[in-house]
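To keep things clear, I will list the structure first and then write my remarks on it.
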Amino acid sequence: MTFARIAGTGGYLPERVLTNKDLEKMVETTDEWIQERSGIKRRHIAADNETTSDMAVAAGRKAIEAAGIETGAIDLIIVATTTPDKVFPSTACIVQRRLDIAKTPAFDVHAACSGFLYALDIANRFIVTGGATNALVIGSETYSRILDWTDRSTCVLFGDGAGAVVLSTSDEAGIISTHIHSEGKHEELLHVPAGISSGYADVQREAAFIQMKGNEVFKKAVNTLGSIARETLEGNNLSQKDLTWLVPHQANLRIIKAAAKKLGMPMERVIVTVDEHANTSSASVPLALDVAVRDGRIKRGDMLLFEAFGAGFTWGSALVRY
Ligand code: COA
């Protein structure tokens, strides 16, 4: 039996940092409000000419280097993003060209903040069925481009960045199980109304930006993350005590704490980057993973639970022996 394991991780954050104090000069808000309601202190913002593929390539290169393989050994590329460079081709194809990787399957996955968990689920299926040996799985987002910088209820919450992993074949289970779900009926609680087939050429200004009913999203996120964690542990006959680290989607510190509490997981065993990165959507879980791998908290052999929740609604989890 062939399994998949995480052979290497990588991350990239744009150079420009936007603090809560900077935001105080842009909208009617305060550093105290943002920290108290979300736990966010600062976020990284892409340079004017920096795109989702630029960040994806940077994170991808680091993951390949960490995996100790040649770029040419990659035989599948999946990019999770809702903020692609172009309508087409896919960001994954642009990444493939820029990494000079020949003729591998390359495609994007669109599942908002759960995108990386969806991409990981798909890449794992490719590997265990013999369809790939080294998959480059990236979450990369430029949410600064879909934020209304005059809307204080959304613009303080998001940031830009990319995270990546190389999934490689293994005799032992690295990816133990993956779980993905969606419930499309909540479309209008969190969305960017503009789209290709719905008035793209003459889009109204506000339709081009994130619109969110924050309170309702908050409640649904906490309950759903609680249930996906339960589903994952029960499905593997494990309990919270078997986990070394929880690596949650980084949307809001209050959501992370409430979900950890439901799981009975002490915050000392939860990876938190939302204070420094804000919500980077599909990049948030692989970025948090990369930070904790590189600072030595996450070690080989650790049992990890990834979980994410986002627009759609979509949600997902993965139980991983790192
Ligand atoms: N600065 C100051 N005040 C702000 C503000 C800001 N940046 N944004 C909103 N407010 C105000 C609101 O206008 C409201 O004022 P009112 O009571 O006079 O109407 C007040 O703060 C409280 O708003 P409310 O929405 O009830 O706050 P909250 O405690 O729910 O926190 C969020 C707001 C958005 C931080 C929170 O709901 C949240 O994080 N939701 C989930 C968002 C998310 O993670 N989405 C992505 C999921 S992947």
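Order of appearance sets the numbers: ligands from 1, and atoms from 1 within every ligand.
- Taking a cut-off of under 4.0 Å to the non-hydrogen atoms of C113, the atoms of ligand 1 that pass are 48 (S).
- The shortest N/O to N/O separation between A251 and ligand 1 does not fall below 3.5 Å.
- Contact annotation for atom 20 (C) of ligand 1: protein absent (non-hydrogen atoms, distance under 4.0 Å).
- At a heavy-atom distance under 4.0 Å, no atom of I34 approaches ligand 1.
- Atoms of ligand 1 lying under 4.0 Å from at least one heavy atom of L157, given by number and element, are 34 (C).
- For R297, the CZ atom sits in a packed shell: over 12 heavy atoms of surrounding residues, nucleotides or ligands are nearer than 6.0 Å.
- Side-chain contact of E183 with H186: a donor-acceptor pair under 3.5 Å is present, judged by distance alone.
- The only option from D75, T169, T2 that meets the side chain to side chain donor-acceptor pair (under 3.5 Å) definition with T133 turns out to be D75.
- Residues passing the side chain to side chain donor-acceptor pair (under 3.5 Å) test with R269 are Q240, sequence neighbours excluded.
- Under a 4.0 Å heavy-atom criterion, S153 is in contact with ligand 1.
- For the residue pair S144 / T142, no side-chain donor-acceptor distance below 3.5 Å is found, with atom types taken as modelled.
- With hydrogens left out, the protein atom closest to atom 1 (N) of ligand 1 is T29 OG1, 2.6 Å, a heavy atom.
- A side-chain contact (heavy atoms from CB on, under 4.5 Å) with I210 is found for one member of L190, L157, D151, D148 and no other, namely L190.
- Closest protein heavy atom to atom 31 (O) of ligand 1: R254 NH1, 3.8 Å.
- Side-chain atoms of T232 and S317 include a donor-acceptor pair closer than 3.5 Å.
- The N/O atoms of H249, backbone and side chain alike, include none that comes under 3.5 Å of an N/O atom in ligand 1.
- At most 12 heavy atoms of other shown residues, nucleotides or ligands fall within 6.0 angstrom of atom CG in D100.
- Not one N or O of T30 is nearer than 3.5 Å to an N or O of ligand 1, by distance alone.
- Nearest to atom 8 (N) of ligand 1 among the protein's heavy atoms is W33 CH2, 3.3 Å.
- Within ligand 1, counting atoms from 1 as listed, the ones closer than 4.0 Å to a heavy atom of F309 are 48 (S).
- In this structure, a donor-acceptor pair under 3.5 Å is present between the side chains of T81 and E141.
- There is a protein heavy atom closer than 4.0 angstrom to atom 40 (N) of ligand 1.
- Salt bridge status for E172 with R321: absent, with no side-chain N to carboxylate O gap under 4.0 Å.
- For atom 44 (O) of ligand 1, the protein comes within 4.0 Å by at least one heavy atom.
- Heavy-atom separations between T154 and ligand 1 are all 4.0 Å or longer.
- Close contacts of ligand 1 with R37, meaning ligand atoms under 4.0 Å from a residue heavy atom, involve 22 (C), 27 (O), 28 (P), 29 (O), 35 (C).
- Using modelled atom types and a 3.5 Å distance limit, the side chains of N20 and R43 yield a donor-acceptor pair.
- A donor-acceptor pair shorter than 3.5 Å can be found between the side chains of H249 and S284.
- Counting only heavy atoms, the protein never gets under 4.0 Å from atom 16 (P) of ligand 1.
- Remark: K21 engages E24 in a salt bridge, criterion side-chain N to carboxylate O under 4.0 Å.
- Of the protein's heavy atoms, V217 CG1, 3.9 Å lies nearest to atom 47 (C) of ligand 1.
- For atom 11 (C) of ligand 1, the nearest protein heavy atom lies under 4.0 Å away.
- Below 4.0 Å from some heavy atom of N279 lie the following atoms of ligand 1, by number and element: 46 (C), 48 (S).
- Within ligand 1, the atoms closer than 4.0 Å to a non-hydrogen atom of N252 are 35 (C), 38 (C), 39 (O), numbered from 1 in the order shown.
- Sorted by first then second residue, the ring pair (Phe, Tyr, Trp, His ring centres under 6.0 Å) pairs that include residues 117-158, not counting sequence neighbours, are Y143-F158.
- Considering backbone and side-chain atoms together, R152 places an N or O closer than 3.5 Å to an N or O of ligand 1.
- Heavy-atom contacts of V156 reach the following atoms of ligand 1: 7 (N) (cutoff under 4.0 Å).
- Within ligand 1, counting atoms from 1 as listed, the ones closer than 4.0 Å to a heavy atom of N215 are 24 (P), 25 (O), 26 (O), 30 (O), 37 (O).
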